[in-house]
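Everything below concerns the one structure shown next.
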2 protein chains.
Amino acid sequence: MTGSIPQTMIAVGFSEPGGPEVLRPENIPVPVPGPDEILIKVAFAGVNRPDVVQREGKYPPPPGASPIPGLEVSGTVADVGKGVPREMLGQEICALVSGGGYAEYCLAKAGHCLPVPEGLPLDQAAALPETLFTVWHNVFERGYASEGETMLVHGGTSGIGTMAAMLGALFGIKVIVTCGSDEKCAAALRIGAAHAINYRTHDFVEEVLALTDGAGVELVLDMVAGDYVTRNLKCLAEDGRHVTIAVQGGVKAQINMAQVMTRRHTLTGSTLRPRSDAFKTLLADEIQRNVWDLVADGDLRPIMDRRFPLSEAKAAHARMEAGDHIGKIVLEVV
Amino acid sequence: MTGSIPQTMIAVGFSEPGGPEVLRPENIPVPVPGPDEILIKVAFAGVNRPDVVQREGKYPPPPGASPIPGLEVSGTVADVGKGVPREMLGQEICALVSGGGYAEYCLAKAGHCLPVPEGLPLDQAAALPETLFTVWHNVFERGYASEGETMLVHGGTSGIGTMAAMLGALFGIKVIVTCGSDEKCAAALRIGAAHAINYRTHDFVEEVLALTDGAGVELVLDMVAGDYVTRNLKCLAEDGRHVTIAVQGGVKAQINMAQVMTRRHTLTGSTLRPRSDAFKTLLADEIQRNVWDLVADGDLRPIMDRRFPLSEAKAAHARMEAGDHIGKIVLEVV
């Protein structure tokens, strides 16, 4: 296959941090897969909030990662490195990548790929890895969510929020979401949320306590942090878990440690990108075993917002920053 | 046995919250064991920090608990309630109790008792339950301490601190303690701490980082809370756990949620007294299986500070509040 791979490709990066307009197509060498790596001819690349934060210069790529944004892709295996079975060549896969997704070709660890099941469109395949890996790990492995519990998720129509609502519904967890408009609340309910609170017109703490008969939720999946943490903890039941996966509302939180202690709360959080390759491989295995059949059967499909051509990545970022999207934004590469 | 049990007994309580002087002996009825309960003829009662906080009016007994202070006792089984084997009568036991320890007789759940092994003096037996149950649960079950890890504990010569240092040494965990004087640091090292930092003359954050080659500790057992939390988190390694069991330094903590998230910290905590009877029974079982042989063999014995007669409970509290004690203070009842 390597014969048909060009020397250079188009990728969308930036030379100085800034607004969406700093994103521009550039011509760069096609990367060569090292041991245990594959080269993907990218069909679609998912757009995620961390890409925006990276473009703003606030989330530098971890050592060894591509400076090009893009944390998830779908496409076809174009080349394989040492230790990767050649049978993978030509397969349609989607992958979690540590960067470089906004490009015609992208490297991935073979262990971080999942096969695209028959009937799953490639745009949807590209929209799965980042939110699915993130939600699965943080909700079930860090947050210990279990059947019959209730979870609060802010940003109910975001990529993460929609995935959390859908996974929750599939695994017996009642998901309460907050959204910024009645329209988004209605969308969240259609997607799988059990309840949706318009945080602009209602106090979400009061609403959550009313919805749970005063007991609170067992889990908060927190993407806001900042002064939301105090309010989140008021929503949290005894023995409840608070898992932070983004800090869009600021980093400083004021916490009453006596409450943490007497109510036996647990606060934790994680980011996916800097985790070890071995960790991500284990997580991919776990998702393949526990979730991938649901994707293949059509029971779990990402909520799609809009597609943009790769060259219009700046418009995709502008849309995400405007906050009007519902579900996932992807870039079409081919 | 019930024939030899008097109708009334001396207990030490208080009618109004206040300083140590509010504690005074009173004559109250001897309690009668209900189902699954035993009546203990108390030999010694351990004195713990929560007793002091209760006396100050800041830690009311949970519903159903005796208003008399005292969370741990040793003694002889004087009577048994329904469902408790009569073979327990006359046995020497120590017990975790939800209150009422400062008295000639005290009720305990049969499941919250441990037998006093041959060779364990009763004053030491009374000094074990509260710290052993608390440290075991919070260090191993909430804090997931495992062999080869390093733990930071403030108050290295307190009852909790000495128990943490000893248990750590027995289970392969390196314990770094902080103390308020060089004398206390020396005592902590004799007791089992791997390192002792005088927090009055050294910055404990710098010292901990130096002792761990900059990596930090895997676990902080926090009895201070307040503004110590920010500093504790600076001592905490990636994936580290911060377990709060007291808030002697205040309740408000300022936390950087981005740090919690990117370093995958976990903050939690608990108090023992309000936990369910079933939970405490499970914990007692676990301690009997995992730790009690070490007590019987003499490998784990509480560090004893001083004994006071029951009638001098106020002097015992004054000593604890002065902070000069090293190890456990107990009240001698018989």
Side-chain angles (χ1 to χ4, degrees), chain A residues 49-50 53 58-60 62 134 137-138 141-144 154 220-233 236 238-276 279, chain B residues 49-50 53 58-60 62 134 137-138 141-144 154 220-233 236 238-276 279:
Chain A
R49 181 71 57 173
V53 186
K58 298 172 188 160
Y59 188 45
T134 297
H137 174 61
N138 287 288
E141 298 180 338
R142 296 192 89 74
Y144 300 103
H154 298 300
V220 175
L221 185 65
D222 169 45
M223 287 176 274
V224 183
D227 55 16
Y228 259 44
V229 176
T230 308
R231 298 171 71 196
N232 289 343
L233 292 178
L236 202 56
E238 284 204 338
D239 295 300
R241 292 83 65 194
H242 183 279
V243 184
T244 298
I245 58 171
V247 292
Q248 293 175 32
V251 301
K252 280 189 189 163
Q254 183 98 19
I255 291 175
N256 181 322
M257 297 304 292
Q259 289 286 320
V260 169
M261 177 178 75
T262 57
R263 295 175 62 73
R264 297 185 299 279
H265 286 163
T266 297
L267 292 94
T268 185
S270 72
T271 54
L272 186 55
R273 195 176 191 185
R275 304 304 295 271
S276 70
F279 172 85
Chain B
R49 181 71 56 173
V53 187
K58 297 173 191 161
Y59 188 45
T134 297
H137 174 61
N138 286 289
E141 297 181 338
R142 297 193 89 74
Y144 301 101
H154 298 299
V220 176
L221 185 66
D222 169 44
M223 288 176 272
V224 183
D227 55 14
Y228 259 44
V229 176
T230 308
R231 299 171 70 195
N232 288 343
L233 292 178
L236 202 57
E238 285 205 337
D239 295 301
R241 292 84 66 194
H242 184 278
V243 184
T244 298
I245 58 170
V247 291
Q248 293 175 32
V251 301
K252 280 189 190 163
Q254 183 99 17
I255 291 174
N256 181 322
M257 298 304 291
Q259 289 286 320
V260 169
M261 176 177 76
T262 57
R263 294 174 62 75
R264 297 184 299 280
H265 286 164
T266 297
L267 292 95
T268 187
S270 73
T271 54
L272 186 56
R273 196 177 190 186
R275 303 305 294 272
S276 70
F279 172 85

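By convention in this document, chain letters (A, B, ...) are assigned in the order of the sequence lines, proteins followed by strands, and residues within each chain are numbered from 1. The figures here come from the full heavy-atom set of this structure, side chains too, leaving out hydrogens, waters and symmetry mates.
Contacts with chain B were tallied for A/L267, A/T262, A/V247; A/L267 has the most, counting heavy-atom pairs under 4.5 Å. Highest contact tally toward chain A, considering only B/I245, B/N256, B/V260, is held by B/N256 [criterion: heavy-atom pairs under 4.5 Å]. Between chain A and the residues B/T271, B/N138, B/I255, the most heavy-atom pairs under 4.5 angstrom are made by B/I255. With respect to chain B, the highest number of heavy-atom pairs below 4.5 Å among A/G250, A/S270, A/A258, A/P274 belongs to A/S270. Heavy-atom pairs under 4.5 Å with chain B were tallied for A/M257, A/R264, A/K252, A/R273; the largest tally goes to A/R264. Among the candidates B/T266, B/V243, B/D239, the residue making the largest number of heavy-atom pairs closer than 4.5 Å to chain A is B/T266.
Only the side chain of B/R142 comes within less than 4.5 Å of a heavy atom of chain A; its backbone N, CA, C and O stay farther away.
Contacts between residues 220-230 of chain B and chain A, counted as heavy-atom pairs separated by less than 4.5 Å, involve B/A225, B/V229.
Across B/M261 and A/T244, no two heavy atoms sit closer than the pair CG-O, 3.5 Å. Scanning all heavy atoms of the two residues, the minimum distance from B/T268 to A/H265 falls at OG1-O, 2.8 Å.
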